[in-house]
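Beneath this line is the structure, given in structure tokens, with notes to follow.
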Amino acid sequence: MNLDDELRAALRREDPAPDFTQRVLAGRVVARAKATHQSNRPIFRMAWAAAVAALLIIGLTATYEVRQMKAERAGRDAVLALRIAADKLNSAREKVVRLEN
Amino acid sequence: MRRILLVPFIAVCAAAQLPAQQLRITGLDGLASKAKESADITLDSNLLQMAGGFLAGAGKDSKDGKDAETLKQLLAGLKAITVKSFKFGETGQYRMEDLEPIRAQLRTPGWSKIISSQSKEETSEIYMRTDQGKVAGFAIIAAEPKELTVVAIEGTINLNDLSKLKALGVPSIPVPDKKGKKE
């Protein structure tokens, strides 16, 4: 086979396969979906990061509030406890002084 | 046989060497239901630290800042404080025997009575606990016909500073009441 025959065979007109159109269309749909998904990805990432940040802020604020409430209650209890202790201490001292006199 | 006898002997010796334990206020649980008013406060070192921080912060901007600082200093030396106080509407709501579990603890080595005033109807006692020659705690028992108070303080506290608390104006420290309002 010479060069002319080879070229003729290679450039010979061939009809496409019967499902060629369907395959091209299907490929185009997949490519479009992929492109849409890729273009949405940064938005999803940002939304996800924002949600995580919001949850973190809410969690930290709630923890701080609970701790603050606990400290407030402890402060109030401590003042009351020391006040009772001081009152009874003074009362005992006064009684001793009264008895000595 | 010798080993069997030796183990309890060592245990007894070790127990004798142990420092006096922190006072546990027991035997008064049933009195709260009979009382007109009662206070049951237990604060461990963590809560006391939180309380100190809160009081210092609350008093920082007020005219009582000095009082808050004094309170913080008082709390700084404490490891724990427990107060059980009952006010009754009538006499005879508690018996002196109810205090026996507490008195039994105060009779153990390490505790010593420093102030005692006893009359027919009233008893006031202050005990001090020492550990290796250092003050490690106090206990107060105040029994009146219609009132019973037991205080256990673990840690170091200056009793003179404590007795001055009222004069320092503790009530004016801006501690919110139960409704969240500040005094």
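Proteins get letters first, then strands, A, B, ... in listed order; numbering begins at 1 in each. Just so it is clear, the model here is predicted, and its values are computed rather than measured.
- Taken from OG in A/S91 to CD in B/E147, the straight-line distance is 8.5 Å, to the nearest 0.5 Å.
- Counting non-hydrogen atoms of other residues, nucleotides and ligands closer than 6.0 Å to CZ of B/R107 gives a total above 12.
- Under the 4.5 Å side-chain contact rule for hydrophobic residues, B/Y127 and B/M96 share a cluster.
- Contact annotation: the side chain of A/D77 never approaches that of B/I81 to less than 4.5 Å [non-hydrogen atoms, C-beta and beyond].
- For chain A, the nearby part of B/S116 is the backbone; its heavy atoms alone come within less than 4.5 Å.
- Contact check on A/K88 versus B/E125 returns no salt bridge, with no Lys/Arg side-chain nitrogen under 4.0 Å from an Asp/Glu carboxylate oxygen.
- Heavy-atom distances place both the backbone and the side chain of B/L47 under 4.5 Å from chain A.
- A pairwise comparison of heavy atoms in B/I153 and A/A85 identifies CD1-CB, 4.3 Å as the closest pair.
- Using a 4.5 Å heavy-atom cutoff, the side chains of B/F54 and A/Q68 are in contact.
- The shortest non-hydrogen separation linking A/K95 to B/S124 is NZ-OG, 3.0 Å.
- Minimum heavy-atom separation, A/A92 to B/I126: CB-CD1, 3.8 Å.
- Within 6.0 Å of the CD atom in B/E97, the count of heavy atoms belonging to other residues, nucleotides or ligands exceeds 12.
- Both the backbone and the side chain of B/L159 come within less than 4.5 Å of a heavy atom in chain A.
- Between B/L75 and A/L82, the closest side-chain pair of non-hydrogen atoms falls below 4.5 Å.
- Using a 4.5 Å cut-off between side-chain heavy atoms of Ile, Leu, Val, Met, Phe, Trp and Tyr, with links allowed through other members, B/I114 and B/V151 fall into the same hydrophobic cluster.
- The minimum heavy-atom distance between B/S117 and A/V96, with the atom names listed, is CB-CG2, 4.0 Å.
- A/R73 is not listed as a side-chain neighbour of B/M50, based on a closest heavy-atom distance of 4.5 Å or more.
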